[in-house]
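Reading through the structure tokens given below for one structure.
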Amino acid sequence: MVADIDLAYLEQWIGRAQVAEDILTPSLVDRFNATIGLQAQRTQLGDVAPRLIHFCLCVDAVAMAGLGQDGHPAKGDFLPPVPLPRRMWASSDIEFSGDIRVGDAVRRESRIASVALKHGRAGSLCFVEVEHRVLADQRLAVTERQTLVYKQDGPPAPAQAGDAAPMGAAVQSVQPSEPMLFRYSALTFNAHRIHYDLPYAMGVEGYPALVVHGPLQATLLLHFAAQQHGGRAPDSFVFRGLAPAFAGQALTLHADGIDAGKMELWTAATAGPIAMKATAHWR
């Protein structure tokens, strides 16, 4: 129950900060493009990097001894020690102030912005909001407000009947295979076992198959939005996960037409519910 979680204690983490640094190399961009299916020439220093590649930069190099059973870094250092075992990336609200270029020195400044408790169908939920500022060669390039959700043990809540995804004005099908999930986990140094360890995903967390990463779906949607707008990437992008998507199942990307500089997008399995909703904006 919510009362079993000491919110006042967790709130002591609000304001905690973390800084990480990296360099965007041509080889990382090539691997990123190959994984998500972007057609690109061999990357050169100075090229504009594809958007959302910042998810692959400044990642925590946590030692093996510092990982929890699920593969995530143990809690209580930068992130608060929420006493709930399941952690997911729930949503992000992202503003792009400029481009990251290949060869740039990248700095990510992160801060715990809020901690909140709610009670849902699956029990207690704890939401942790993290603010990120990404600078490229000392220029602000990305501002992001990321929401993580922590959940209790138990099987995922089933999708509600009758909520099959509508068709968008533009539709593209992708096949999120096991190698694709493995590559994206490697790009982001993400050891969460639901993305590559099938016995764990099924036997411990109760999923029917490996789970497609939320930020991978978001990346596919953002670049699909750019395709629909003459190749121009959006200036801001908001996404929110609604239901899991699984490896081995065709995943469709949907986009409505652009209206007043805004485009609505979503992902869904064939005849399935919406897995992720997103909104792209152009200034």
Side-chain angles (χ1 to χ4, degrees), residues 13-36 38 40-63 66 73 77-80 89 91-115 128-148 183-190 213-216 218-223 225-226 229-239 261 278-283:
W13 266 255
I14 295 174
R16 186 165 295 203
Q18 182 185 68
V19 174
E21 296 181 332
D22 209 337
I23 295 175
L24 180 56
T25 63
S27 60
L28 177 61
V29 177
D30 288 340
R31 293 193 294 267
F32 179 90
N33 289 340
T35 298
I36 68 169
L38 288 182
Q41 301 293 324
R42 184 66 64 178
T43 303
Q44 302 292 325
L45 290 174
D47 288 351
V48 173
R51 293 206 160 157
L52 297 190
I53 200 170
H54 75 276
F55 292 157
C56 309
L57 293 165
C58 303
V59 295
D60 294 334
V62 178
D77 184 12
F78 173 62
L79 291 172
W89 187 329
S91 64
S92 277
D93 188 332
I94 303 169
E95 293 282 340
F96 299 100
S97 303
D99 293 316
I100 302 175
R101 291 184 175 273
V102 180
D104 281 353
V106 178
R107 175 185 172 95
R108 187 186 69 193
E109 301 171 349
S110 304
R111 173 184 171 274
I112 304 297
S114 69
V115 181
V128 177
E129 291 193 332
V130 185
E131 294 177 344
H132 300 291
R133 283 167 34 93
V134 179
L135 294 90
D137 276 359
Q138 303 182 32
R139 307 179 310 273
L140 182 63
V142 183
T143 304
E144 177 180 1
R145 192 174 184 94
Q146 175 190 15
T147 301
L148 303 172
R183 280 184 161 192
Y184 193 77
S185 288
L187 283 169
T188 55
F189 208 56
N190 180 358
H213 312 67
L216 173 56
T219 299
L220 293 169
L221 281 176
L222 181 143
H223 290 282
H229 196 44
R232 183 183 166 195
D235 298 301
S236 67
F237 192 71
V238 179
F239 67 86
T279 304
H281 292 268
W282 289 264
R283 289 191 283 271

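Fair warning: this is a prediction, and the values are worked out from it, not measured in the lab. Values reported hereafter were calculated over all heavy atoms of this structure, with side chains retained and with hydrogens, waters and symmetry mates removed.
- Residues satisfying the ring-ring contact (aromatic ring centres under 6.0 Å, His included) criterion with Phe96, sequence neighbours excluded, are absent altogether.
- The side-chain hydrogen bond (donor to acceptor under 3.5 Å, both in side chains) test applied to Glu95 returns no partner, not counting sequence neighbours.
- In this structure, Phe55 and Gln146 have side chains that are not in contact, with every pair of non-hydrogen atoms separated by 4.5 Å or more.
- In terms of the ring-ring contact (aromatic ring centres under 6.0 Å, His included) criterion, His54 has no residue partners (sequence neighbours excluded).
- Judged as a ring-ring contact (aromatic ring centres under 6.0 Å, His included), and not counting sequence neighbours, Phe32 has no contacts.
- To the nearest 0.5 Å, the span separating CD1 on Ile36 from NE2 on His223 amounts to 4.0 Å.
- Rounding to the nearest 0.5 angstrom, the gap separating the CG atom in Leu45 from the CG atom in Asp104 is 10.0 Å.
- For the atom pair CG of Leu222 and CZ of Phe239, the computed distance is 10.0 Å after rounding to the nearest 0.5 Å.
- For Asp99, the salt bridge (Lys or Arg N to Asp or Glu O under 4.0 Å) test picks out Arg51, with sequence neighbours left out.
- Every residue meeting the salt bridge (Lys or Arg N to Asp or Glu O under 4.0 Å) condition with Arg145, not counting sequence neighbours, appears here in chain and number order: Glu129, Glu131.
- Atom OG1 of Thr43 is separated from atom CG of Asp30 by 3.5 Å, given to the nearest 0.5 angstrom.
- A salt bridge does not link Arg108 to Asp22: none of the charged nitrogens lies less than 4.0 Å from a carboxylate oxygen.
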